[in-house]
Number of protein chains: 2
Amino acid sequence: MSMLLDERRESILKIVENKGFVSLVDLMDSVGASESTIRRDLEYLDGIGQIRRTRGGAAYSGESLSTFEDRSFMSSRQKRQIAQAVANMISPGEAVLMDGGTTTLEVARQLAGKQLQVVTNSLPIANLLVNQPEIDLMLIGGFLFPKTGVALGKTAVESLKSVHVRRLIISVGGITEDGLYNSNMLLVETEQQMFEAAEEVIVVTDSTKFGHSALAYLCPLDTVDHIVVDDGITEEWKDVIRKAGIELTVVET
Amino acid sequence: MSMLLDERRESILKIVENKGFVSLVDLMDSVGASESTIRRDLEYLDGIGQIRRTRGGAAYSGESLSTFEDRSFMSSRQKRQIAQAVANMISPGEAVLMDGGTTTLEVARQLAGKQLQVVTNSLPIANLLVNQPEIDLMLIGGFLFPKTGVALGKTAVESLKSVHVRRLIISVGGITEDGLYNSNMLLVETEQQMFEAAEEVIVVTDSTKFGHSALAYLCPLDTVDHIVVDDGITEEWKDVIRKAGIELTVVET
DNA sequence: ATTGTTTCTGAAAGATTTTGATGGTATTTT
DNA sequence: AAAATACCATCAAAATCTTTCAGAAACAAT
């Protein structure tokens, strides 16, 4: 009863999708292939972003039926590597607050399978994590913005007031020596409340954002604890960041 | 039993379409041709895009039976007609509060395109409506439940306290003369707060729910203003509903 | 009917990919 | 620290694919 390669992978994907998480041994049983083969299949499926490989098995991270995936589907290798770096900082059992945005979405994807408490105002992130059995998911309500699918406004701010987490993961539209910027007043307002809720602030961004401001001022540099960025960042900016007392992680690409 | 070329290829195509995946050896058997011939046929069919060649055989490349769509599109004609009836009651510009559930999701689908304000604690409904330009969408936050994707708990209840809408559309797990039931304590708790937020309560359900209770008691009958149900409902139950002063809409199927 | 031409078929050899196993390394648990 | 578990790199065997070629079948023209 030798299965075709694609058939087997499809079958694995379905199982993972269905159960949320499956152990490698279980998969060996259910599809009747060797450990090596399953490993290779998981590696492949992880490579194309359909599942998230975890120690001992795999978790589902495929695209749910939301409208946002198209954009994030072209998650560049860069973005993915940044996301990977951030995900590696998160320890099991932690409580994490996640802002909207394509990079943070990618982080969420990399978090699949970990045991965590996640709080978010982002619909795409919620979609991604809602069926992860290991993840306790709390949604921040508010007015939903069509373009980005994040909940903002008075309700969101109010809800955030009763939230306390270890880490906040946030993305920005621009960074100058004066601080961080984002594109939308309402967004900034909500994000400012997020700062209050978190012990540590991690900013994910790509190197092109440095030196550019944007419509709405978010916060001064010293609000941030940690910045994760690709290796396109200049030496000058590295200096600025470090002088501001911010930990800097540069991801090699 | 020598087959004509086109006939054979047609036959292969049918088999592949039917099974989704077929191995080369299987095809050799069922078509009665040599390995080489089948190979060449597959190559051809792949060339014209009718199938996808895979190692060891072929896969159907037509409409992707991509697990997701099928599930949510599996709404019966009944459900859809109920949903249509409810959607027709909603006037432009109204504010509507929508509970989770497959029937209410179908209602949401029918609401698309209308100019409305929608408040919901259901992730699927939010997904559906978030990109409708005519619809102002407000999301109720809370702990997200994996199976159903609805936000519940203290946060949800608190958020609902500052909501006021014209109509609430809600689904139930069971209806008896004593009132309405649902399957989950937390769900019921949240739904009870929803009653407070709405001027008028519309219940959508199918006729099989009458006479059955469920785990958690939701409310007495007189909390409800309007019930929409399929025509499987018995005359006795019609009487009960009407005597309770509830408007009843029976959808013909 | 016969011949020549073209297309299709089946078989075999050699190249490529996939697979399962093994032993060593890293990580987690006890 | 030791034991248990999971991971990774490597390799030979197995399965599958491609290429090639000669014979068979179909076809057209004489």
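Reminder, nothing fancy here: chain letters follow the sequence lines and each chain counts from 1.
A donor-acceptor contact shorter than 3.5 Å links the side chain of A:Asp225 to the backbone of A:Val201. A:Asn121 places no side-chain N or O within 3.5 Å of a backbone atom of A:Ile140 that could act as its donor or acceptor partner.
For A:Asp41 and D:dC7, the CG to P distance is 14 Å, given to the nearest whole Å. Between B:Asp26 atom CG and D:dA15 atom P there is a gap of 15 Å when expressed in whole angstrom units. Whole-Å rounding puts the A:Asn88 CG to C:dT27 P distance at 11 Å. A straight line from CD1 of B:Ile38 to C1' of C:dA11 spans 15 Å, rounded to a whole angstrom. For the pair B:Glu7 CD and C:dT9 P, the computed distance is 12 Å after rounding to whole Å. Rounded to whole Å, atom P of C:dC8 lies 13 Å from atom CD of B:Glu43. Rounded to whole angstrom, the span from the CG atom of A:Leu24 across to the P atom of C:dG20 amounts to 13 Å. Rounding to whole angstrom units, CG of residue B:Leu27 and P of C:dG10 are separated by 14 Å.
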Hey, what are the protein-to-nucleotides 28-30 of chain C N/O distances that come in under 3.5 Å?
none

Scan nucleotides 21-25 of chain C against the protein and return all N/O pairs shorter than 3.5 Å with their distances rounded to 0.1 Å.
| unit_1 | atom_1 | unit_2 | atom_2 | d |
| --- | --- | --- | --- | --- |
| C:dA21 | N7 | A:Ser36 | OG | 3.1 |
| C:dA21 | N6 | A:Ser36 | OG | 3.3 |

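Using cut-offs of 30° and 60° on the angle between ring planes, the pair A:Phe210 and A:Trp237 is tilted.
Among the atoms of the strands shown, none is found under 4.0 Å from any heavy atom of A:Ser23.
Rounding to the nearest 0.5 angstrom, the gap separating the CG atom in A:Leu45 from the CD atom in A:Glu10 is 9.0 Å. To the nearest 0.5 Å, atoms CE (A:Met138) and OG1 (B:Thr155) are separated by 3.0 Å. Rounded to the nearest 0.5 angstrom, B:Leu139 CG and B:Leu129 CG are separated by 11.0 Å.
Within 6.0 Å of atom CZ in A:Phe143, 12 or fewer heavy atoms from other residues, nucleotides or ligands are found, so the atom counts as exposed in its surroundings. In this structure, A:Glu177 places its CD atom where only 12 or fewer heavy-atom neighbours from other residues, nucleotides or ligands lie under 6.0 Å away.
Each of B:Arg53, B:Arg52, B:Arg55 was compared with A:Asp6 under the salt bridge (charged side-chain N to carboxylate O under 4.0 Å, His left out) criterion, and only B:Arg52 meets it.
Counting only heavy atoms from C-beta outward, the side chains of A:Leu160 and A:Glu196 never approach each other to under 4.5 Å.
Here A:Arg39 does not reach the OP1 or OP2 of D:dA9: none of its side-chain N or O atoms lies under 4.0 Å away.
Across the interface with DNA chain D, nearest-nucleotide mapping of A:Gly56 and B:Gly56 shows A:Gly56 to be the residue nearer the 5′ end.
Rotation axes derived from the C1' atoms of the five outermost pairs at either end of the helix from C:dA1-D:dT30 to C:dT30-D:dA1 lie 40° apart, to the nearest 10°.
For A:Glu106 and A:Arg109, the salt-bridge test passes: some basic side-chain N is under 4.0 Å from an acidic carboxylate O.
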